[in-house]
Amino acid sequence: MKITDTGNDIVIHGAENFNLEHIFECGQCFRWNKLDANTYLGVAYGKPLRVSQNGDMITFHSTSMHDYQYIWRRYFDIDRDYGAIQAQLQRQGVAYEDAVMPQAIRHGGGIRILAQEPFEALISFIISANNNIPRIKLIVERLCMHFGDTAEYEGEIYYTFPSAERLAQCSLADLEVIRAGFRAKYILDAAAKVASGEIAPEPLRDLDYTHAKAELLKIKGVGDKVANCIVLFGLGHYSAFPVDVWVRRIVEHCYFGGSAADCDIAEFARERFGEYGGFAQQYLFYYARELKIER
DNA sequence: CACCAGGCAAGCC
DNA sequence: GGCTTGCATGGT
């Protein structure tokens, strides 16, 4: 892998196990939109970015080596060996005569688990509860437009994700414009707890998975599933295995041959995938959606 | 019109 | 403790 600075763009040649479509269509993030066949545009860490892919060449447009090194390199998890993770999950698959995981990896092998901002992950996944992805994206976008800061990029105006302090000043009436429904009160509870320091998301990175999750469960609107998403996508706890309707469907269908209890699915994931639970979950989620598995 | 969406909290027993 | 129900909103 080689990284070059063209003066306007940062270009990676020889990227492996990296596919923008897989990365942005696996449900982990809500602020990236497809511009054309090989280009996405989004905002993270207060910075808009246009990123495109041609084969193993990735171009981060209109950015600097500084921002690549300090933001995008970590955000896109560039330094992790996904080939090794996939090989490990495949070996596990062989041991259990599991044909599903190899198929899932064949379909979504370019997935990267993005290192998202913890507060953004917290609010975004509160909004995700009993909701669908297109509408989650709309609500998050309205939240940013109304309460985020502006950021200019390539001659256009974009909006950053609002801070906890800004959201904590809002009333329920203020939030009506984002049409989050019953989730609005949970957004305010989360913002208040973070703004007051009662919950400090960033330090939860240093706790173990179980304790980090337990802290998040103190927030209204954060249950087991949402907490798992936050620790996985915002705090780098890669053993987390969030079980949503799609993962439930594929796990029940392919591994249990019928319905299974929440705790049995969690135990299955722990034993089968261990520290790679989060990666396994992403491959399964992407695969289940591609298969359009019915209930 | 019913049913669903990356679930959760509150109310039951 | 486990199980059921209501929930805002928009799409099919």
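A, B, ... follow the sequence lines: proteins, then strands. Residue 1 opens every chain.
- A:Gln88 and A:Gln92 form a side-chain donor-acceptor contact under 3.5 Å, judged by distance and modelled atom types alone.
- Comparing A:Phe182 and A:Leu138 along DNA chain C, the residue whose closest nucleotide (by nearest heavy atom) sits nearer the 5' end is A:Phe182.
- B:dG6 and C:dC3 have their P atoms separated by 25 Å, given to the nearest Å.
- Between A:Ser52 and A:His61, the side chains place a donor N or O and an acceptor N or O closer than 3.5 Å (distance only, hydrogens not considered).
- The six-membered or imidazole ring of A:Phe273 lies near that of A:Phe268, with a centre-to-centre distance under 6.0 Å.
- Within the hydrophobic cluster formed by Ile, Leu, Val, Met, Phe, Trp and Tyr side chains joined at under 4.5 Å, directly or through other members, A:Val94 stands alone, with no partner residue.
- No hydrogens or angles considered: nothing links the side chains of A:Asp67 and A:Tyr45 as a donor-acceptor pair under 3.5 Å.
- A:Asp36 and A:Thr39 form a side-chain donor-acceptor contact under 3.5 Å, judged by distance and modelled atom types alone.
- Contacts of A:Trp32 classified as side chain to side chain donor-acceptor pair (under 3.5 Å), with partners at least two apart in sequence or in another chain: A:Tyr75.
- Under a cutoff of 6.0 Å and an axis angle of 45°, A:Arg248 and A:Phe256 do not form a cation-pi pair.
- Of the residues in residues 172-181 of chain A, those lying under 4.0 Å from DNA chain C by heavy-atom distance are A:Arg179, A:Gly181.
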Step by step, would you call A:Asn228 with A:Val243 a side-chain contact (heavy atoms from CB on, under 4.5 Å)? CA-CA 8 Å; A:Asn228 270 319; A:Val243 180; over 6 Å; no
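- In the hydrophobic clustering, A:Val11 connects to A:Met57, either directly or through intervening members, whenever side-chain heavy atoms lie under 4.5 Å apart.
- No continuous path of ILVMFWY side-chain contacts below 4.5 Å connects A:Leu232 to A:Phe24, so the two sit in separate hydrophobic clusters.
- Within a heavy-atom distance below 4.0 Å of DNA chain C, no residue of residues 210-237 of chain A is found.
- C:dC7 and B:dA2 have their P atoms separated by 16 Å, with the value rounded to a whole Å.
- Annotation: proximity of residues 275-283 of chain A to DNA chain B (heavy atom, distance under 4.0 Å) is found for A:Gln281, A:Gln282, numbered in ascending order.
- In terms of heavy atoms, A:Ala191 sits closest to A:Ala168 at CB-N, 3.8 Å.
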Give the intermediate values and the outcome of side-chain contact (heavy atoms from CB on, under 4.5 Å) for residues A:Ile23 and A:Leu114. CA-CA 8 Å; A:Ile23 292 167; A:Leu114 299 172; 3.8 Å; yes
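- A continuous path of ILVMFWY side-chain contacts below 4.5 Å connects A:Ile219 to A:Phe119, so both sit in one hydrophobic cluster.
- Remark: nothing in residues 239-264 of chain A comes within less than 4.0 Å of DNA chain C through any heavy atom.
- For DNA chain C, the contact window with chain A, defined by any atom under 4.0 Å from a protein heavy atom, covers C:dC7 to C:dG10 in 5' to 3' order.
- In this structure, A:Phe18 has its ring center no closer than 6.0 Å to that of A:Tyr82.
- Side-chain rings of A:His107 and A:Tyr286 stay apart, their centers remaining 6.0 Å or farther from each other.
- When all heavy atoms are compared, the tightest approach of A:His22 to A:Gly109 is ND1-N, 3.7 Å.
- Between the side chains of A:Arg74 and A:Tyr68, no donor N or O sits under 3.5 Å from an acceptor N or O.
- Clustering of Ile, Leu, Val, Met, Phe, Trp and Tyr side chains at separations under 4.5 Å places A:Ile157 together with A:Met145, A:Tyr159.
- Using a 3.5 Å distance cut-off with no hydrogens or angles, the side chains of A:Ser239 and A:Glu275 do not pair a donor with an acceptor.
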For A:Cys29 and A:Phe233: C-alpha separation, side-chain torsions, deciding distance, then whether side-chain contact (heavy atoms from CB on, under 4.5 Å) applies. CA-CA 8 Å; A:Cys29 57; A:Phe233 303 126; over 6 Å; no
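- When heavy atoms are screened at a 4.0 angstrom cut-off, A:Lys185 is found touching the sugar-phosphate backbone but no base atom.
- Within a heavy-atom distance below 4.0 Å of DNA chain B, the residues of residues 21-31 of chain A found are A:Cys26, A:Gly27, A:Gln28.
- Protein chain A contacts DNA chain B from B:dC4 to B:dA10, reading 5' to 3' and using non-hydrogen atoms of the protein with a distance under 4.0 Å.
- If you check the side chains of A:Tyr40 and A:Glu25, you find a donor sitting under 3.5 Å from an acceptor.
- Applying a 4.0 Å cut-off to non-hydrogen atoms, none of the residues of residues 106-127 of chain A approaches DNA chain B.
- By the 6.0 Å and 45° rule, A:Arg272 stacks over the aromatic ring of A:Tyr96.
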